[in-house]
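Reminder, nothing fancy here: chain letters follow the sequence lines and each chain counts from 1. As the structure is a prediction and not an experimental result, all values here were calculated from the model. Heavy atoms only: backbone and side chains are in, while hydrogens, waters and symmetry mates are out.
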Amino acid sequence: MQGPSVQWVLMAAVRVRFAPSPTGYLHVGGARTALFNWLFARHHGGTFILRIEDTDRTRSTDEAIDQIIASLRWLGLDWDEFYRQTDRFAVHRAVAEQLLRQGAAYEHEGAVWFRIPKEGATVVPDLLAGDVRFQHRELKDLVILRSDGTPTYNFACVVDDHDMGVTHVIRGDEHLNNTPKQMLIYQALGWPTPLFAHIPLILGPDKSKLSKRHGAVSVLEYEKRGILPEALVNFLARLGWSHGDQEVFSREELIQYFDLPDVGKSASVFDEAKLLWLNHEWMKRKPVAELAGLVRRCLVETGVAPAPEVEELGAQRLLKAVELLRDRSKTVVDLAHAARFLFPGEVEWPPGSEELLRAELAPAVRALAEALGNLDNGSAEDMEKAVREVLARLEIPLKLVALPMRVIVTGSRVGPSLFEVLALAGPKRVAERLSRAAAWLEKGAR
RNA sequence: GUCCCCGUCGUCCAGCGGUCUAGGAUACCGGGCUUUCAAUCCGGAAACGGGGGUUCGAAUCCCCCCGGGGACACCA
């Protein structure tokens, strides 16, 4: 008599929940648990519940709740119902009373303990791990109500999952050991047990459970680093779940394909390199205008350029820059930094540029500065024409000056087509930087 | 230590008894294209933890070992 029959469950509407404890930011492990629950609910047309497990009042904070909510919103995981466990203490106490009256629980040192049978075993019919047997003698009686009257996790969880009609408990593997205790409580109360699916953990590069010491693990941290939510969702989904050989999934595809049988059983290592690759993929797929919006904000936030300068740049030019730069940027932050040369002020030459910027380049650079400065609004084509004319006159091959020019104008040896870059920076800025460099070269460089 | 889970390229996955000379992705290496870097295209190196079974046949099923991880709170 363990829970509802399979038939009944298949017919019932799916109800799942994500139940974080607000003791810190939402990390990627929790985010994936939330994502799997959310996808499962959306795939089956069910309900996704967000329940804040704040029974430990000493460790729970409102800031953490805000952070978790902000993280889920950013990821695009919307919930249909919301609860806070602390709002339900009265219910928890009433159920504890009932257990007490039944003799299934007893008081000791002010706390209420649930009694675990001495004999026998409980089998957890896990959807992923299969039947897992726990001998009762391995389990210890557990506190369900602390001496201050607040409920503990294993108890509140059972009461709430039952009251909220949760059909599938999808949670991290670290909870598998708690499950027999929870099942025993369900049984003592005469309640049907939900279905359980314990998903494997996410590990750090050292193969231990992912934690702060592995570096960036907070969801919001990834946002700050210029990761797209589409990419993080895609990446997290592929950690432990797959659909054939497909790697890139839109949110819609994920909802369409996701289901529990395709979830693996082994823990997986969080691989930043692959996240970055996926991020790049999503940067390429995102509508330019949307990406440009993110870049605009990032430009200011990362201090690449103050807001007025970004405004002055204009939407068209920003769009064009994003279009050209996104192919060579892994993150939005990367892109913003690569766009530095679009703004006023000097650009810093990369180390080792002295070898590139040799004094004999001075006449050419001077000539180019003058020619390009005379253009009033150069397109890439105009720029190219002007540059080639000057070089033809001086009989200097483009190859000789292309890299130096690029460095002088952008402060980088790499980037989009030289002429596109010149057009993007604009004749005025190009001329300024070239003549400054020419002066420096004329003084004999160094 | 006890209990539980897991074990295919460095990493993420495919594989669900024969079609596997083990496939894809990423990362890495080499090449093409290009004024550079990307993008893109071509190519390369790279794995079934070990040992027993079962079977005509095992990466796929069973057992043992080894290895990794998780849980052992009046935390969740």
Side-chain angles (χ1 to χ4, degrees), chain A residues 19-24 30 53-56 58-60 85 108-113 124 126 128-130 132-135 137-140 142-157 171-181 198 200-209 235-248 261-262 264-278 280-281 284 324-330 334 338 356 384 387 391 397-407 410 412-419 421:
Chain A
S21 64
T23 53
E53 308 229 321
D54 52 352
T55 57
D56 182 355
T58 59
R59 299 202 310 149
S60 302
Q85 234 160 20
H108 179 63
E109 290 191 351
V112 178
W113 296 69
V124 177
D126 193 88
L128 295 179
V132 184
R133 176 180 304 271
F134 292 88
Q135 296 298 331
R137 67 181 131 76
E138 302 290 346
L139 275 24
K140 291 187 290 191
L142 62 141
V143 170
I144 56 175
L145 237 46
R146 284 180 270 256
S147 46
D148 68 359
T150 58
T152 57
Y153 165 74
N154 280 119
F155 179 61
C157 182
R171 72 213 327 182
D173 227 359
E174 73 264 33
H175 288 296
L176 184 55
N177 292 306
N178 286 320
T179 309
K181 300 177 204 168
H198 289 90
L201 300 175
I202 295 180
L203 275 23
D206 65 349
K207 305 276 181 91
S208 72
K209 193 170 151 188
F235 177 74
L236 255 18
R238 279 288 288 103
L239 233 41
W241 172 85
S242 62
H243 180 71
D245 280 339
Q246 189 172 339
E247 295 288 349
V248 181
D262 301 316
K265 313 170 81 165
S266 53
S268 31
V269 173
F270 192 95
D271 181 16
E272 289 249 354
K274 191 148 183 181
L275 205 213
L276 289 175
W277 169 74
L278 262 177
H280 187 206
E281 288 301 312
K284 286 189 287 187
L324 289 170
L325 258 16
R326 69 166 158 184
D327 261 357
R328 46 218 110 211
S329 309
K330 294 278 193 201
D334 277 357
L356 197 64
E384 175 159 12
V387 169
L391 295 181
L398 174 63
K399 190 146 189 152
L400 262 186
V401 292
L403 197 53
M405 264 184 100
R406 177 187 294 284
V407 166
T410 71
S412 169
R413 307 172 76 112
V414 303
S417 156
L418 176 64
F419 305 114
V421 156

Legend entry - rG23(B): pairing nucleotide in any strand, Watson-Crick or G-U under 3.5 angstrom: rC13(B)

Inset, instruction - Answer yes or no: is there a side-chain heavy-atom contact under 4.5 Å between L278(A) and R238(A)? - result: no

Inset, instruction - Kindly indicate whether the side chain of R413(A), heavy atoms from C-beta on, has any atom under 4.5 Å from the side chain of L403(A). - result: yes

Inset, instruction - Determine the sole option in L203(A), L239(A), I202(A) for which the side chain to side chain contact (heavy atoms under 4.5 Å, CB included) test with V269(A) is passed. - result: L203(A)

Inset, instruction - Answer yes or no: is there a side-chain heavy-atom contact under 4.5 Å between S21(A) and D56(A)? - result: no

Inset, instruction - Select from W277(A) and L398(A) the residue whose nearest nucleotide in RNA chain B is closer to the 5' end of that strand. - result: W277(A)

Legend entry - Between P of rA25(B) and CG of L276(A), the distance in whole Å: 19 Å

Inset, instruction - Check for a donor-acceptor pair, side chain of E272(A) on one end and backbone N or O of K274(A) on the other, with a separation under 3.5 Å. - result: no

Inset, instruction - Evaluate side-chain contact (heavy atoms from CB on, under 4.5 Å) for L418(A) paired with M405(A), printing each intermediate quantity in order. - result: CA-CA 8 Å; L418(A) 176 64; M405(A) 264 184 100; 4.3 Å; yes

Inset, instruction - Classify the side-chain pair D206(A)/S208(A) by whether it contains a donor and acceptor separated by less than 3.5 Å. - result: yes

Legend entry - C1' gap between rA46(B) and rU35(B), integer Å: 36 Å

Legend entry - Footprint string (nucleotides 2-15 of chain B, 5' to 3'): B base within contact, S backbone only, - free, heavy atoms under 4.0 Å: SSSSSS--BBBSS-

Inset, instruction - For rU34(B) and rC16(B), measure between their P atoms and round to the nearest Å. - result: 44 Å

Inset, instruction - Quick one: look up who rG1(B) pairs with, Watson-Crick or G-U, both distances under 3.5 Å, and put none if it's unpaired. - result: rC72(B)

Inset, instruction - Would you kindly give the CD-to-C1' distance between E53(A) and rA73(B), to the nearest whole Å? - result: 16 Å

Legend entry - Test item: H280(A) side-chain N/O and D327(A) main-chain N/O as donor-acceptor pair under 3.5 Å: yes

Inset, instruction - Taking the side chain as every heavy atom from C-beta outward, state whether S60(A) and P22(A) have any atom pair closer than 4.5 Å. - result: yes

Inset, instruction - Would you indicate which nucleotide in rA27(B), rA76(B), rC74(B) comes nearest to any side-chain atom of S21(A)? - result: rA76(B)

Legend entry - Value rounded to 0.5 Å, distance of NZ in K181(A) from CD1 in I144(A): 13.0 Å

Inset, instruction - Would you mind pulling out the nucleotide paired to rG43(B), Watson-Crick or G-U wobble, both distances under 3.5 Å? - result: rC29(B)

Legend entry - P spacing across the pair rC48(B) / rU21(B), given as an integer number of angstrom: 15 Å

Legend entry - T55(A) vs F155(A), side-chain contact (heavy atoms from CB on, under 4.5 Å): CA-CA, chis, key distance, verdict: CA-CA 10 Å; T55(A) 57; F155(A) 179 61; over 6 Å; no

Can you give me the N/O atom pairs linking the protein to nucleotides 43-47 of chain B at distances under 3.5 Å, or say none if there are none?
none

Legend entry - nucleotides 36-41 of chain B: protein proximity per nucleotide (B base, S sugar-phosphate only, - neither; heavy atom, under 4.0 Å): BBBSS-

Inset, instruction - Please state how far atom CG in D54(A) lies from atom P in rA76(B), giving the value in whole angstrom units. - result: 10 Å

Legend entry - Spacing between N154(A) atom CG and rA73(B) atom C1', to the nearest angstrom: 11 Å

Inset, instruction - Could you measure between the two C1' atoms, the one in rC63(B) and the one in rU55(B), and give it in whole Å? - result: 16 Å

Legend entry - Rounded C1' spacing from rU8(B) to rC4(B) in Å: 23 Å

Inset, instruction - May I have the distance from L203(A) (atom CG) to rA71(B) (atom P), rounded to whole angstrom? - result: 11 Å

Inset, instruction - Identify whether any heavy atom of D126(A) sits under 4.0 Å from a base atom; if not, whether one sits that close to sugar-phosphate; answer base, sugar-phosphate or nothing. - result: nothing

Legend entry - Value rounded to 0.5 Å, distance of CG in N177(A) from CZ in F134(A): 5.0 Å

Legend entry - Distance, C1' atom - from rU19(B) to rG15(B), rounded to whole angstrom: 12 Å

Legend entry - Span that lies between the P atom of rA22(B) and that of rA39(B), in whole angstrom: 30 Å

Inset, instruction - If rC66(B) has a Watson-Crick or G-U wobble mate with both distances under 3.5 Å, name it; if not, just say none. - result: rG7(B)

Inset, instruction - Please measure how far the C1' atom in rG7(B) lies from the corresponding atom in rA47(B), and state the result in whole Å. - result: 12 Å

Inset, instruction - Quickly work out the L139(A) CG to rA73(B) P distance and round it to whole Å. - result: 12 Å

Inset, instruction - State whether the side chain of R406(A) and the backbone N or O of P416(A) hold a donor-acceptor pair below 3.5 Å, judged by distance alone. - result: yes

Inset, instruction - Establish whether the base of rA76(B) is bridged to the side chain of N178(A) by a donor-acceptor pair shorter than 3.5 Å. - result: yes

Inset, instruction - Would you classify Q246(A) as touching base, sugar-phosphate or nothing, given that sugar-phosphate means primed atoms plus P, OP1 and OP2, and contacts are heavy atoms under 4.0 Å? - result: nothing

